[in-house]
Amino acid sequence: MITSIRGFNDILPPETTLWQHIEGAAREVFKVYGFSEIRVPVMEKTELFAKGIGDTTDIVEKEMYTFSDRNNESVTLRPEGTASVVRAYIEHRLCNMPCAKLYYIGPMFRYERPQKGRYRQFHQIGAEVLGISDPMSDAETLDMLLAFFKKIGLDDIELQLNSLGCKNCRPVYREKLKQFLSEKKEQLCDNCQRRIDTNPLRVIDCKSRKCVEVTDDAPSILDYICNECKTHFEEVKGYLYLFGAGYSINPRMVRGLDYYTRTTFEITSDKLGSQNAVAAGGRYDGLVRELGGPDVSGFGFAIGMERLAMLLKEGSGSTSHEAGIFIVCIGKEAETEGIRILKELRERSLRAEIGYHDKGIKGQMKMADKLGARFTLILGDDEISKREITFKDMKTGVQEKVDIEGIAERVIDEIAQVKKV
RNA sequence: GUGGGCGUAGCUCAAUGGUUAGAGCAUCGGACUGUGGCUCCGAGGGCUGGGGGUUCAAAUCCCCUCGCUCACCCCA
């Protein structure tokens, strides 16, 4: 048996309905906030990600699907969406727009060990605002994200906010923190002892109890960011209040991508297991320039579709099928008439299916039931000779013979009745 | 890359080292040849993940390997 590749999953019918619902809600909400969809390729030149994400990050160092194509060019399946969107923004001179508010939906690829909420092919809904540095934009975009979660009925989530400062003030804090950690090195977990030099910010985000205690009085980044960054952060908080968005400050939150500056955030849920962020993002003011574009700001986020679907499945399990019609035919003549009716119902946008002959009438009824049809239309010799059709309500079991002319109207009426209740 | 847990029918799971590896659900058929669900009866479906070893005898014990899963790491 040929199976799918490790970490690459099929999404099967009952669940695809949920996915469509999620995507539809995102499109609706993003639209009213003035965003437009952008579709970018799933593969890019490797250097785009190396430059954009940072070539010492874990993603670039060991998690990318990188190949040589037949021309010996190094290409990579995108591990995230922002770099591609920024590339397209520069390539097509979208900076000529007053500001670019773009969203995308699609698969991303990272070569990691799969676990709960983490897959090698996973899907993100992302949005980016390019060309605006105003803190109101941070708040507005966060408000949009929260509006989306509200729309799909997800509560029990928390918006955690932080500022990572800019390229001027972050290194100052980093040194200060390194100093602090070095003094307490022996008390940290093995992992964090190693991290003091490679990634000190990560230490204050460590979950091990030992490290949490030791870093309790560690310097906070919010005390070290420069005045400009501080002002920006304060204004973001002020605008969040105006938009009515709730949040909590988490000065220990760290992001894994190099491009983030100033505002960063995560939306978390305690129902996701170890991978507890359902969405995350932040500001990236140097990225466009870094990738060869104008010196403009950026702000964006990405939502993890698998994680979101996981949360929504926990809640309401409404699997009720749509009201549908199933046509049972006995004999060639009935079949001819049945197909005619089938076409008519479908042209009127009704969900209609027809039985296949090799099943017999019993088999066809069974199939109607399994498919969840609310009504069946039964056509046999009796009906054909009298120009009638048997109309059966599968829920109540009640059936009657009705005139074959105008059957479509009758069905539409009945379905309208059912939907009202 | 490093750990832990688990691999038995399509699915969920049974089976002290000892007959022919079982059950529920699902599938198909019958009771009910123009009527689904409910009930009853029956059928199909398995190299017990794969390979090696111990033993008179292995789903069961040992080793190797592959797969899944959770966690570390990292992240959506």
Side-chain angles (χ1 to χ4, degrees), chain A residues 1 3-7 9 12 53 57-64 78-82 105-127 145 189-192 194-195 198-199 202 205-208 253-257 260 264-269 272-282 300-311 326 328-331 334 355 358-384 389-399 401:
Chain A
M1 183 170 52
T3 57
S4 72
I5 300 169
R6 178 182 179 79
N9 300 314
L12 302 170
I53 299 169
T57 57
D58 276 23
I59 291 180
V60 173
E61 270 187 348
K62 48 191 196 200
E63 294 174 5
M64 293 207 302
R78 61 180 186 192
E80 58 110 39
T82 303
I105 300 176
M108 307 293 162
F109 307 86
R110 288 183 202 170
Y111 192 91
E112 301 176 88
R113 278 289 273 274
Q115 70 181 73
K116 185 173 180 159
R118 194 176 77 182
Y119 312 98
R120 288 184 173 178
Q121 175 175 332
F122 60 102
H123 298 78
Q124 289 186 332
I125 301 176
L145 183 57
C189 71
D190 294 350
N191 247 320
C192 286
R194 186 172 43 80
R195 282 196 280 221
T198 57
N199 195 351
R202 194 101 245 163
D205 195 33
C206 182
K207 290 161 205 148
S208 98
M253 195 185 69
V254 181
R255 307 271 64 232
L257 287 70
Y260 284 115
T264 55
F265 66 92
E266 275 181 12
I267 306 255
T268 56
S269 164
L272 282 172
S274 176
Q275 315 296 324
N276 68 345
V278 66
F301 64 75
I303 303 163
M305 292 269 281
E306 282 82 357
R307 293 180 189 180
L308 181 52
M310 205 186 295
L311 290 174
F326 192 92
V328 173
C329 303
I330 309 114
D358 54 357
K359 293 256 176 206
I361 185 167
K362 196 184 181 69
Q364 291 184 57
M365 288 302 289
K366 245 183 183 158
M367 196 162 173
D369 187 56
K370 296 252 167 59
L371 292 172
R374 179 58 202 267
F375 300 105
T376 31
L377 302 178
I378 302 162
L379 266 174
D381 298 340
D382 284 4
E383 287 89 349
I384 291 292
I389 193 162
T390 299
F391 183 87
K392 179 165 186 170
D393 184 331
M394 295 294 275
K395 197 169 175 186
T396 61
V398 177
Q399 66 181 52
K401 292 204 172 169

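Below, read A as the first sequence line, B as the second, and so on, with proteins coming before strands; counting in each chain starts at 1.
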Exercise for the section: Verify the ring-centre separation between A/Phe375 and A/Phe326: is it less than 6.0 angstrom? Expected result: no
Taking [M] as the reference, what is the distance to [N] when you measure between their [atom1] atoms (whole Å, please)?
| N | M | atom1 | answer |
| --- | --- | --- | --- |
| B/G4 | B/U12 | P | 25 Å |
| B/A31 | B/A14 | P | 37 Å |
| B/C74 | B/G1 | C1' | 12 Å |
| B/C40 | B/G49 | P | 33 Å |
| B/U19 | B/C13 | C1' | 24 Å |
| B/G52 | B/G45 | P | 26 Å |
| B/C28 | B/C70 | P | 32 Å |
| B/G67 | B/U27 | C1' | 26 Å |

Practice task
Please state whether the base of B/U35 and the side chain of A/Gln364 form at least one donor-acceptor pair under 3.5 Å?
Solution key: no
Fill in the blank from the handout: Here the gap from A/Met305 atom CE to A/Phe122 atom CZ, rounded to the nearest 0.5 Å, amounts to 12.0 Å
Handout entry: From OG1 (A/Thr57) to CG (A/Leu257), nearest 0.5 Å
Key = 6.0 Å
Exercise for the section: Just call it for A/Glu383: base, sugar-phosphate, or nothing, with non-hydrogen atoms closer than 4.0 Å on any strand. Expected result: base
Practice task
With heavy atoms under 4.0 Å as the rule, sort A/Thr390 into base, sugar-phosphate or nothing.
Solution key: base
Exercise for the section: Go through the structure and list residues passing ring pair (Phe, Tyr, Trp, His ring centres under 6.0 Å) with A/Tyr260, not counting sequence neighbours. Expected result: none
Handout entry: Steps toward side-chain contact (heavy atoms from CB on, under 4.5 Å) verdict (A/Ile384, A/Leu379)
Key = CA-CA 7 Å; A/Ile384 291 292; A/Leu379 266 174; 4.0 Å; yes
Handout entry: Any donor-acceptor pair under 3.5 Å from A/Arg78 side chain to A/Pro107 backbone
Key = yes
Completion exercise
Under a 4.0 Å heavy-atom criterion, the protein footprint on nucleotides 64-76 of chain B, written with B, S and -, is ----S-SBBBBBB
Go through the structure and list residues passing salt bridge (Lys or Arg N to Asp or Glu O under 4.0 Å) with [X], not counting sequence neighbours.
| X | answer |
| --- | --- |
| A/Asp381 | none |
| A/Lys62 | A/Asp58 |
| A/Arg202 | A/Asp205 |

Holding to side chain to side chain contact (heavy atoms under 4.5 Å, CB included), I want the full list of residues that pass it with [X], two or more places apart in sequence or in another chain.
| X | value |
| --- | --- |
| A/Thr396 | A/Asp393, A/Val398 |
| A/Leu272 | A/Ser269, A/Val278, A/Arg307, A/Met310, A/Leu311 |
| A/Glu112 | A/Glu63, A/Arg110, A/Arg118 |

Please tabulate the protein-to-nucleotide N/O contacts below 3.5 Å involving nucleotides 40-46 of chain B, giving atom names and distances.
none

Completion exercise
Stems in RNA chain B, runs of 3 or more consecutive Watson-Crick or G-U wobble pairs with both distances under 3.5 Å, sorted by first number, are B:1-7 with B:66-72, B:10-13 with B:22-25, B:27-31 with B:39-43, B:49-53 with B:61-65
Expressed in angstrom and rounded to an integer, what is the separation of [X] atom [atom1] from [N] atom [atom2]?
| X | N | atom1 | atom2 | value |
| --- | --- | --- | --- | --- |
| A/Leu377 | B/U35 | CG | P | 17 Å |
| A/Met365 | B/G36 | CE | P | 7 Å |
| A/Met1 | B/G7 | CE | P | 18 Å |
| A/Phe375 | B/G36 | CZ | P | 19 Å |

Handout entry: Minimum heavy-atom distance A/Gly7-A/Pro114, with the two atoms named
Key = CA-CG, 4.0 Å
Distances for protein N/O vs nucleotides 28-33 of chain B N/O pairs under 3.5 angstrom?
{"from": "B/C32", "atom 1": "O2", "to": "A/Lys362", "atom 2": "NZ", "distance (Å)": "3.0"}

Problem - side chain to side chain donor-acceptor pair (under 3.5 Å) involving A/Glu266 - partner list, sequence neighbours excluded - result: A/Arg255
Exercise for the section: Kindly indicate, with the supporting measurements, whether the criterion side-chain contact (heavy atoms from CB on, under 4.5 Å) is fulfilled by A/Glu306 and A/Asn9. Expected result: CA-CA 10 Å; A/Glu306 282 82 357; A/Asn9 300 314; over 6 Å; no
